[in-house]
Every structure is written in C-alpha cells, then in structure tokens.
Amino acid sequence: QVQLVESGGGLVQSGGSLRLSCAASGGTFRGYAMGWFRQAPGKEREFVASIIGSTASWSTAITDYADSVKGRFTISRDNAKNTVYLQMNSLKPEDTAVYYCAADRRSGLRVANEYDYWGQGTQVTVSS
C-alpha cells in the first residue's frame, strides 16, 4: 500500500511560481509511475503531468504533460527522497485547482481512474 502526501500549495499572483511536493511511503517508490492531476470546482479531475517509474538506475526520466501546462510546468522525482515534484511557473488564474499526486505501477497513464493510489490534495489559488 502506497501513501502519498502533497504539500506546497498556496496563494500566488498571476505570473508567479510554486513548487508542489508529493512524499511517498509504503512501496518501492522508484518502481511507480507518478502523476499530477488537478480539479477545479465543478470540473472533472484532469491530467497535468506524469513521470515514469523504473527500477533501472540508468533509465531516463520520461515525462508527459497536458498541453495546457507544457512549457510552464516541470515534473521531476527524487528516488532517494521518495518524492515527486511539480514546478509550476508562469501561473495563470485558470491553474487554480486542488492538485493531487497519484501513483501506479504502469507508466504513461493520463486517466485519473487508472491510478491506484492518491494523495489528499493541495490547494493552488492563482489571483489575477
């Protein structure tokens, strides 16, 4: 069983930056693909970014992004710290949402209900 805890959300002005963190425990972290999703009020939970999992030390960190965040957000992971990050730059009011991290043994997933494990979410609010 994998437990995920997000942190780093908050209130930021349009154009600003935030870095979200998601600390994992209870599993072999490097073997899990990690994803970030977000959900705004009244909307479906949507894919933001993902990064593959691999037990091979030589593996390249293959990432995937939603078009709406490509070039502004960067997902990364530190397997030594069992943590995945989402660096968010050039934030816009439409980025306002609760951000969730998710984990699954399969890589390349973009659909929320395909992920097995979820954190509790962290609120990001971008003011105009």
Side-chain angles (χ1 to χ4, degrees):
Q1 190 78 6
V2 176
Q3 293 83 42
L4 303 172
V5 179
E6 301 96 334
S7 61
L11 173 65
V12 64
Q13 288 190 331
S14 181
S17 297
L18 280 175
R19 188 176 81 156
L20 306 183
S21 300
C22 174
S25 61
T28 305
F29 178 72
R30 65 168 58 245
Y32 284 86
M34 302 299 295
W36 284 98
F37 287 75
R38 65 187 181 187
Q39 188 166 19
K43 293 190 175 182
E44 298 279 317
R45 191 169 297 190
E46 65 172 358
F47 170 78
V48 174
S50 68
I51 186 166
I52 68 165
S54 174
T55 55
S57 60
W58 47 262
S59 66
T60 301
I62 297 172
T63 57
D64 185 25
Y65 297 94
D67 287 346
S68 59
V69 307
K70 203 171 290 184
R72 300 188 298 124
F73 291 9
T74 302
I75 188 172
S76 61
R77 65 190 300 160
D78 185 337
N79 289 334
K81 295 182 178 179
N82 287 359
T83 301
V84 64
Y85 304 98
L86 185 68
Q87 177 66 44
M88 305 185 295
N89 299 328
S90 302
L91 282 161
K92 305 174 182 180
E94 51 264 44
D95 294 318
T96 295
V98 177
Y99 283 71
Y100 298 90
C101 75
D104 199 273
R105 288 197 173 277
R106 300 163 293 175
S107 292
L109 304 179
R110 283 181 158 230
V111 178
N113 63 16
E114 293 181 320
Y115 280 81
D116 282 340
Y117 304 103
W118 289 88
Q120 82 290 348
T122 185
Q123 176 70 47
V124 171
T125 303
V126 184
S127 64
S128 56

Taking Thr83 for its side chain and Lys81 for its backbone only, find out whether a donor-acceptor pair lies under 3.5 Å.
yes
Side chain of Ser107, backbone of Ile52: donor and acceptor closer than 3.5 Å?
no
Which residues pass the salt bridge (charged side-chain N to carboxylate O under 4.0 Å, His left out) test with [X], not counting sequence neighbours?
X	answer
Lys43	none
Glu114	none
Arg72	Asp95
Arg105	none

For [X] and [Y], work out which heavy atoms get closest and say how close.
X	Y	answer
Ala40	Ala97	N-CB, 3.8 Å
Gln3	Gly26	OE1-CA, 3.9 Å
Arg30	Arg77	CA-NH2, 3.7 Å

Joining Ile, Leu, Val, Met, Phe, Trp and Tyr whenever any side-chain heavy atoms lie under 4.5 Å apart, the cluster holding Leu91 also takes in Val2, Leu4, Val12, Leu18, Leu20, Phe29, Tyr32, Met34, Trp36, Val48, Ile51, Tyr65, Val69, Phe73, Ile75, Val84, Leu86, Met88, Tyr99, Tyr117, Val124, Val126
Less than 4.5 Å apart, side chain to side chain, heavy atoms only: is that true for [X] and [Y]?
X	Y	answer
Gln120	Glu6	yes
Ser68	Arg38	yes
Arg110	Tyr115	no

Between Asn89 and Ser17: side-chain donor-acceptor atoms closer than 3.5 Å:
yes
For the rings on Tyr100 and Phe37, is their centre-to-centre separation under 6.0 Å?
no
Output for pair (Asp116 CG, Arg106 CZ), nearest 0.5 Å, gives 6.0 Å
Just to verify, what does Gln13 make a side chain to side chain contact (heavy atoms under 4.5 Å, CB included) with, not counting sequence neighbours?
Ser127
